[in-house]
Amino acid sequence: MMRILVVEDDEVLQEGLKLGLELEGFTADVVGRCDDADACVRGRDHDAVILDIGLPDGSGIDLLHRWRRDGLDVPVLLLTARSMVEDRVDGLDAGADDYLGKPFELSELAARIRAISRRRSGRAEPTISIGSLVIDPGRRCVLLDGDVVPLSRREFAVIHALAEHPGYVLSRNRLEDRIYGWQEEVESNAIEVHIHNLRGKLGREMIETVRGEGYRIRLR
């Protein structure tokens, strides 16, 4: 599961995007101003940003210019009602990774977010394969030895996060940040429970505990 920051000042669209993205398998945080978006991008670990151009306290394009100038490389998809070619060119030249005009289909927005995330990680394939394990983010499914493994939304989010960083240790806090939104309460042992369930479904050897540090997916 990817954690997305939505920067949009229209409250109706905010709520629609948050709910829609969560139905598409993302965790979505929502803000409506440039200053809040800037604080979030500099202080949180988001996988991508959906950024409206016209915001009440400034221009989304100007904000994007500052992020790129300061070396912030989070993938950004610009979302706007403007249809002029000049707006699209300005946004892309400011450092946007993609551009989508309103109105739009949520399924296309989700697919574009997955695509810019793949490009950031250097992957061309839409699926992630580690030995006999295959993860398909678009379909939100996991296959082991060719068989579909039923997973809950949270279980899928954990194995997806680990598989995106094969061989690297992800701490419990980082996994919590990845799969839970700001308003969600997190049980103290939630990640441990998800890991336990995943081992029961995928095999105990699939996920390794690194004592005092976190978890990593075992390379085969």
Student: Which heavy atom of Ala37 sits nearest a heavy atom of Leu63, and at what distance?
Tutor: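 Answer, listing the atom of Ala37 first, then Leu63: CB-CD2, 4.0 Å.
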Student: Hey, does Glu164 have a side-chain heavy atom less than 4.5 Å from the side chain of Ser117?
Tutor: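 Side-chain contact under 4.5 Å: yes.
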Student: Among the clusters formed by ILVMFWY side chains lying less than 4.5 Å apart, do Val193 and Ile159 turn up in the same one?
Tutor: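 Each belongs to a different hydrophobic cluster.
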Student: Would you confirm whether Arg118, through its side chain, and Ile113, through its main-chain N or O, come within 3.5 Å as a donor-acceptor pair?
Tutor: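 No, Arg118 side chain to Ile113 backbone: no donor-acceptor pair under 3.5 Å.
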Student: Salt bridge (Lys or Arg N to Asp or Glu O under 4.0 Å) with Asp9: which residues, sequence neighbours excluded?
Tutor: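 Once residues adjacent in sequence are excluded, Asp9 has no partner under the salt bridge (Lys or Arg N to Asp or Glu O under 4.0 Å) criterion.
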Student: Say you draw a straight line from CD of Glu105 to CZ of Arg112; how long is it, rounded to the nearest 0.5 Å?
Tutor: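 It comes to 12.0 Å.
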Student: Report yes if the side chains of Leu78 and Asp97 come closer than 4.5 Å at any heavy-atom pair, otherwise no.
Tutor: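 No, too far: nothing below the 4.5 Å cut-off.
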Student: Is there a salt bridge (charged side-chain N to carboxylate O under 4.0 Å, His left out) between Glu155 and Lys201 once you walk through the steps?
Tutor: CA-CA 10 Å; Glu155 291 163 3; Lys201 296 176 180 181; 2.7 Å; yes
Student: Report the distance from atom CG of Leu151 to atom SG of Cys141, rounding to the nearest 0.5 Å.
Tutor: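 Result: 9.5 Å between the selected atoms.
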Student: Salt bridge (charged side-chain N to carboxylate O under 4.0 Å, His left out), that's the test. Do Arg172 and Glu192 meet it? Break it down for me.
Tutor: CA-CA 8 Å; Arg172 184 178 72 177; Glu192 287 81 359; 3.3 Å; yes
Student: Would you call Lys102-Glu8 a salt bridge at under 4.0 Å N-O?
Tutor: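 Glu8 and Lys102: salt-bridged.
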Student: On a heavy-atom basis, which atom in Ala163 and which in Ile135 lie closest, and how many Å separate them?
Tutor: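 Closest approach of Ala163 to Ile135, heavy atoms only: CB-CD1, 3.3 Å.
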Student: To check you understand the geometry: which heavy-atom pair defines the closest contact between Val31 and Cys40, and what is its length?
Tutor: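 Looks like CG1-SG, 4.0 Å.
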Student: If you count heavy atoms of other groups shown closer than 6.0 angstrom to CZ of Arg199, is the number above 12?
Tutor: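 Buried by this count: over 12 neighbours within 6.0 Å.
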Student: Checking the side chain of Asp70 only, and the main-chain atoms of Leu72 only, is there a donor and an acceptor separated by less than 3.5 Å?
Tutor: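 Flag not set: sc Asp70 to bb Leu72 has no pair under 3.5 Å.
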Student: Should Tyr168 and Tyr215 be regarded as members of a common hydrophobic cluster, given that ILVMFWY residues are connected when their side-chain heavy atoms come within less than 4.5 Å of each other, either directly or indirectly?
Tutor: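 No, because Tyr168 and Tyr215 fall into different hydrophobic clusters, even though each may have its own neighbours under 4.5 Å.
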Student: State, yes or no, whether a side-chain contact exists between Gln14 and Val6 at a heavy-atom distance under 4.5 Å.
Tutor: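 In short, these two side chains do not touch, never coming nearer than 4.5 Å.
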Student: Evaluate the criterion side-chain contact (heavy atoms from CB on, under 4.5 Å) for residue pair Val41 and Leu5; output intermediate values, then yes/no.
Tutor: CA-CA 8 Å; Val41 166; Leu5 177 65; 3.8 Å; yes
Student: If you look at every heavy atom in Lys18 and Ala28, which pair is closest and at what distance?
Tutor: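 For Lys18 and Ala28, the tightest heavy-atom pair comes out as NZ-O, 2.8 Å.
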Student: Within the distance-only criterion (no hydrogens, no angle test), does the side chain of Arg3 pair as donor or acceptor with the backbone N or O of Asp47 below 3.5 angstrom?
Tutor: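 Side chain of Arg3 to backbone of Asp47, a donor-acceptor pair under 3.5 Å: no, none is there.
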Student: Find the distance between OG1 (Thr209) and CD1 (Ile195) and round it off to the nearest 0.5 Å.
Tutor: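 The OG1 atom of Thr209 sits 7.0 Å away from the CD1 atom of Ile195.
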Student: With rounding to the nearest 0.5 angstrom, report the CE to CG distance, Met2 to Leu21.
Tutor: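 The CE atom of Met2 sits 10.0 Å away from the CG atom of Leu21.
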Student: Determine, stepwise, if the pair Arg42 / Asp38 fulfils salt bridge (charged side-chain N to carboxylate O under 4.0 Å, His left out).
Tutor: CA-CA 6 Å; Arg42 297 178 189 274; Asp38 192 48; 2.8 Å; yes
Student: Do any N or O atoms from the side chain of Arg140 and from the backbone of Glu24 form a donor-acceptor pair under 3.5 angstrom?
Tutor: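 A pair under 3.5 Å: yes.
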Student: Do His160 and Ile128 have side chains that get closer than 4.5 Å, going by heavy atoms?
Tutor: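 When only atoms from C-beta onward are counted, Ile128 and His160 do touch, with a gap below 4.5 Å.
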Student: Between Leu100 and Glu108, is any pair of side-chain heavy atoms under 4.5 Å apart?
Tutor: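 When only atoms from C-beta onward are counted, Glu108 and Leu100 do touch, with a gap below 4.5 Å.
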Student: Could you go through the side-chain contact (heavy atoms from CB on, under 4.5 Å) check for Asp29 and His46 one step at a time?
Tutor: CA-CA 9 Å; Asp29 299 317; His46 288 96; 2.9 Å; yes
Student: Leu79 vs Phe104, test: side-chain contact (heavy atoms from CB on, under 4.5 Å). Steps then yes/no.
Tutor: CA-CA 9 Å; Leu79 192 64; Phe104 56 87; 3.6 Å; yes
Student: Please tell me if the side chains of Thr27 and Ile4 come closer than 4.5 Å, counting only heavy atoms from C-beta onward.
Tutor: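 Side chain of Thr27 against side chain of Ile4, heavy atoms only: no contact under 4.5 Å found.
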Student: Does some side-chain heavy atom of Arg218 sit less than 4.5 Å from a side-chain heavy atom of Arg204?
Tutor: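 No - every pair of side-chain heavy atoms lies 4.5 Å or more apart.
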Student: Does one hydrophobic cluster hold both Leu106 and Phe26, with members joined at side-chain heavy-atom distances below 4.5 Å?
Tutor: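 Yes, Leu106 connects to Phe26 through the hydrophobic network.
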Student: If we ignore hydrogens and angles and just use 3.5 Å, is the side chain of Ser59 paired with the main-chain N or O of Ile61 as donor and acceptor?
Tutor: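 Yes, the answer is positive, given that a donor and an acceptor are paired below the 3.5 Å cut-off.
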Student: If the test is side-chain contact (heavy atoms from CB on, under 4.5 Å), which one of Asp52, Val30, Ile50, Leu55 qualifies with Val7?
Tutor: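 Looking at Asp52, Val30, Ile50, Leu55, the match for Val7 under the side-chain contact (heavy atoms from CB on, under 4.5 Å) is Leu55.
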Student: Quick one: does Arg114's side chain get under 4.5 Å of Pro126's, heavy atoms only?
Tutor: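 Sidechains of Pro126 and Arg114: no contact.
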Student: With Val134, which of Thr127, Val142, Leu144, Val149 fulfils side-chain contact (heavy atoms from CB on, under 4.5 Å)?
Tutor: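 Exactly one option meets the side-chain contact (heavy atoms from CB on, under 4.5 Å) with Val134, and it is Thr127.
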Student: Check whether Phe156 and Leu143 end up in the same hydrophobic cluster, where Ile, Leu, Val, Met, Phe, Trp and Tyr are linked by side-chain heavy atoms less than 4.5 Å apart.
Tutor: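 Different clusters.
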Student: State plainly whether one hydrophobic cluster holds both Val158 and Val169, where clusters connect Ile, Leu, Val, Met, Phe, Trp and Tyr through side-chain heavy atoms under 4.5 angstrom apart.
Tutor: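 No, because Val158 and Val169 fall into different hydrophobic clusters, even though each may have its own neighbours under 4.5 Å.
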Student: Indicate the atoms forming the closest heavy-atom contact of Leu64 with Ala96, along with that distance.
Tutor: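 What the structure gives for the nearest pair is CD2-N, 3.4 Å.
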Student: Verify side-chain contact (heavy atoms from CB on, under 4.5 Å) between Leu109 and Leu77, making sure each step is shown before the conclusion.
Tutor: CA-CA 9 Å; Leu109 175 63; Leu77 183 146; 3.8 Å; yes
Student: Which value, rounded to the nearest 0.5 Å, describes the distance between Ser132 atom OG and Leu202 atom CG?
Tutor: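 Separation between the atoms: 9.0 Å.
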